[in-house]
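Below you'll find the structure, written out as C-alpha cells, and then a few comments.
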Amino acid sequence: MEENFSRLFFKDTIVVAGFKVAKSLSANEDRHCCHLEVSEDAGSTIYIYPKTSTVTALETTSMPVAPKYTYTPLNHLKGGTIVNLYGAVKFFKPPYITKGTDYCSVITIVDQSNVKLTCTLFNGNLDALPKVYKVRDIVRFHRIKIREYNGQMQGITSIGFASLTFDGTIGAPIAPRTSSKQYTFTEEEQKTIEELRIWAASNLSVSEPTAKLSGAQPMMFFDLTCQLVGKAEVDGSSFLLKVWDGTKCPYPSWKVLVEASDLEGDKALIHQLRNLTVDILVYDNHVQLAKSLKVGSFLRIYSVHSKQASSENQPDVSYIEFHLHGGTCYGRGIRVLPENNPDVEVLKALMDSANLTESQNVETVSSMELDSTFDNMSYESYAERCQQLSVTVLTDHQYLNDTPLNTILNSTAPQHYRIRAKLRTFKPQKLYQSVKLYCSKCNSLQEVPDGDDFDLILRETAATLLNPELHNKLWYDSAVWDTENQGQRKIAVHFVKHDELLQEPENTLIMVQGGMLKEIRKLSRRFKCIIPVKSTQEDLELLDLSAPFLLQGKIWHYGCKQCSNLKTIQSLSSLAAQEQPSWEPTEIAQALGIEPLQYVFVMKFTLDDGTGSLDAYLFDYEKFFQIPASEILTSNLLQEKMEMIMSVFCPPGKKLDDLPWLECFIRSYNVRNGMEQQVCYQIFDTMVAEDVV
DNA sequence: GTTTAGGATTCG
C-alpha cells in the first residue's frame, strides 16, 4: 500500500473504501479532529485516478490501486486471453445489422509492430461499437477476447468490452469518441495516441479517391460525405437516398423515378437543389439502415459505386448511376456523422458557398436529357408538384433542420431558426400601407409622404421670388420661364455642368425652383435627377425635408429630419467636378449632408405550423418579394405582382389546411417596452420561390 | 454469456 501511495502525484484523485474514522491525536487548528485509518489488514482499498490533462475520467470497473491498464502489443497476442489494445485502423466496416440480434462492425487494426488484427465486434446497441469514421483513426479496446480463427489471431467482443476512438490526424484535438460514461484517460495514453498517429501517417495509406461529387468519375468506388435531403422506398430490396455535398457532379447523373408522395424530405429544397443532388440507390442489407436515416442528417456512404449507363432509347446519351450494392465487402455501408465532425464542418462550408442561383438558372444537361427518358412523368413536372407545396425558398443555411413553432415560443431569445409554417394572416392587408421609410442611422420608421404634401410645399416655394444673382454660376447654367395666366410665377431650372459643359438630359442633374408638381413630374421623365430648391439672399437652398430632396424617374428620395445635417447646395459642385458623375442618390445625399431614408416593406406575418402560432416581422428592401420597395408605389405592375404573391401565400377564404407551406428563417430578439421585455421574431434569408412570381 | 460474421467491390 505504501508502494502504491508513492505513485501518487499532486492533484491525482484518490478514492478510499473500507476505512475507519477515528479521533485524531494530532488535531489542531489546521488539522481535523478526525482522521481516516486505512490498512490492508482491515480490508481497505485505495483507488488512484491520475490527474488528466484533457478529460477528467474515472472508470467504474477499474481495479483497485492505480489502474494502470496494460496494453498488449499486437505481436504479443495469445489465443484465449482477454487483453487491452491500441491500434490504428487499417480497415473497417461501419456497423451493420446482422442476421442475429446485434450490429456488427469489423475493424482491422495495426500497431508499430506492423502486425494486424481483425476484430469482429458485436453489440445490440449501435452506439456501443467503436465510432470509426476513417482509416487511420486510432482505437483503444478494453477487454477484447483474442482467439484463433483460420490460423490467425482474431479479436472478438467479450463481456465488458469498451472502446475509445480518436481522430487519426496528426495535431487534431485528442477527443475520445465513446459511448462509455466513464473511462480512464491519462497523459501517458495521450502520448500513445500521438505516437500511433505519427506511425499511421507513414504506414497506412488512405486510398481516398475524391470524397466529393465534383470529382466523381464514371467508374469508381468512393466514400461520399454528404447531407441527406430526400429519401424514398423504391421496392423491397432497394431504397433511394437523395444527397448533396455542396459540389456539382461534372457528369449528368441519373434521377431515380419515384412517386412524389413517396419521397420524404423538403420538397422546395429538393427542387432548389435539383442540380446539385445525386440519387444513390442502396440495396438489400443497407435498406433497413437507410430507412431509419433522418432527412437533413450528415452521412458518410462508404464504397459508393459510380457506374456509367445509357438508356435504350438514347444510346448516345450516357449518365452516371450511383449504387451502394448489397453486402459489406470493402466496408460498404452508411454511417451517420455527428454535427461536430471536422469533415461535416467542411461540408457545411461547401454547401453554404454552393452557388445556388447559378445551378438554378443554368439548366444542366443532366436534368434536361434525362427527363426524356421518364416517359409519362418528367422530373420537371414532378418538381413542379413538389414546388407547389412551398412558396418560399431559403437563400442560405439550407442544412439546418426545421424547428417547430412551439419549441421556438418556449425558447429564450436571441436565436435563429429554420421553420416551416403556413401564413394564417398578415398585416397590413392594404399592401401600399406596408411600404415605409426607414432611417438606418436612428432606426426610425415613417410613413411615405403623399404627393399632395409635396405639392403644397412646391406651391409655397413658388410664391417666393427668384434671386437672379444666384443664376448662372461656374458649375451650373440657369434658365427662367414665365408662366401663362399664373401671375408672377416663374420657373427657374439650373443645369449642373460637368467639365464646364452641359450633358445629355438623361445624364443631367437639374435644380428646379418655382415648379409645380405636374411640371416637376414632366421634367423627371426627361432628366436624370431633379433637386427641388428655393433661393435665399445668399444661395440656393434645399426645401424642407418633408419634401423629397431628389427625384429620379419615379423614385422620390427622402432624407431623415433627425439625422441630416444639411450642407450648402454648393457642396454639389464637388460631385459635378468628378470625372464621371454617377449621380448616385447616396452620393448626392452625402454631399448635401442628408441621411437618406430607405423604402422598406414592413409586414407582420402570423405563421402557424400546427404546433403553435407566432407573429414574425418582415422587413424587406427587395429580397423577399423580389420587388424593390422604392418602386412599388409608382408601379401598377409591381403592385399587381405583390398582390398575386400574397394571394398565393394566403388565398382569401381558404382553410389553413389548404394553404401552401412557407419555408422561412426567423430570428428571435428581445424588445424592451418600458419595464416589460418581449420576444419578437423577424424573417430573414428567405425569398418568394421563383415559380410563384 | 448463444448468435451474428469471420475484410477482400459491381444483378440492381
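FYI, side chains are in, hydrogens and waters are out, and symmetry mates aren't considered; it's all heavy atoms of this structure. If you're wondering where the values come from, they're calculated on a predicted model, not measured in any experiment. Every chain is numbered from 1, with letters handed out A, B, ... down the list of sequences.
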Self-check item: Residue pairs fulfilling salt bridge (charged side-chain N to carboxylate O under 4.0 Å, His left out) with at least one residue in residues 295-307 of chain A, sequence neighbours excluded
Solution: Arg300(A)-Asp343(A)

Self-check item: ring-ring contact (aromatic ring centres under 6.0 Å, His included) pairs, two or more places apart, involving residues 103-141 of chain A
Solution: Phe141(A)-Phe161(A)

Quiz item: Distance between the P atoms of dT10(B) and dG6(B), in whole angstroms?
Solution: 14 Å

Quiz item: Nearest nucleotide by nearest heavy atom, which residue falls closer to the 5' end of DNA chain B, Cys329(A) or Ile156(A)?
Solution: Ile156(A)

Practice problem: Kindly write out the residues that satisfy salt bridge (charged side-chain N to carboxylate O under 4.0 Å, His left out) with Asp402(A), not counting sequence neighbours, or none if the list is empty. | Solution: Arg418(A)

Self-check item: Sugar-phosphate only, base, or nothing, as touched by Asn150(A) at under 4.0 Å among non-hydrogen atoms
Solution: nothing

Practice problem: Identify, between Ile159(A) and Lys116(A), the residue whose nearest nucleotide on DNA chain B lies closer to the 5' end. | Solution: Ile159(A)

Quiz prompt | Sugar-phosphate, base or nothing in reach of Thr101(A), heavy atoms under 4.0 Å | solution = base

Practice problem: Scan Lys145(A) against the nucleic acid and name what it touches under 4.0 Å (heavy atoms): base, sugar-phosphate only, or nothing. | Solution: nothing

Practice problem: Give Tyr96(A) one of three labels, base, sugar-phosphate or nothing, depending on what nucleic acid heavy atoms sit under 4.0 Å from its own. | Solution: sugar-phosphate

Quiz prompt | ring pair (Phe, Tyr, Trp, His ring centres under 6.0 Å) partners for Phe166(A), two or more places apart | solution = Phe185(A)

Quiz item: Contact class for Ser158(A) vs. all strands (heavy atom < 4.0 Å): base, sugar-phosphate, or nothing?
Solution: nothing

Quiz item: For Asp235(A), what residues pass the salt bridge (charged side-chain N to carboxylate O under 4.0 Å, His left out) criterion, not counting sequence neighbours?
Solution: none

Quiz item: Heavy atoms under 4.0 Å, any strand shown: does Gly331(A) hit a base, just sugar-phosphate, or nothing?
Solution: nothing

Exercise. Walk along DNA chain B from 5' to 3' and tell me the first and last nucleotide with an atom closer than 4.0 Å to a non-hydrogen atom of chain A.
Key: dG1(B) to dG12(B)

Exercise. Please determine which of Asp284(A), Val287(A), Leu293(A) meets the side-chain contact (heavy atoms from CB on, under 4.5 Å) test together with Phe239(A).
Key: Val287(A)

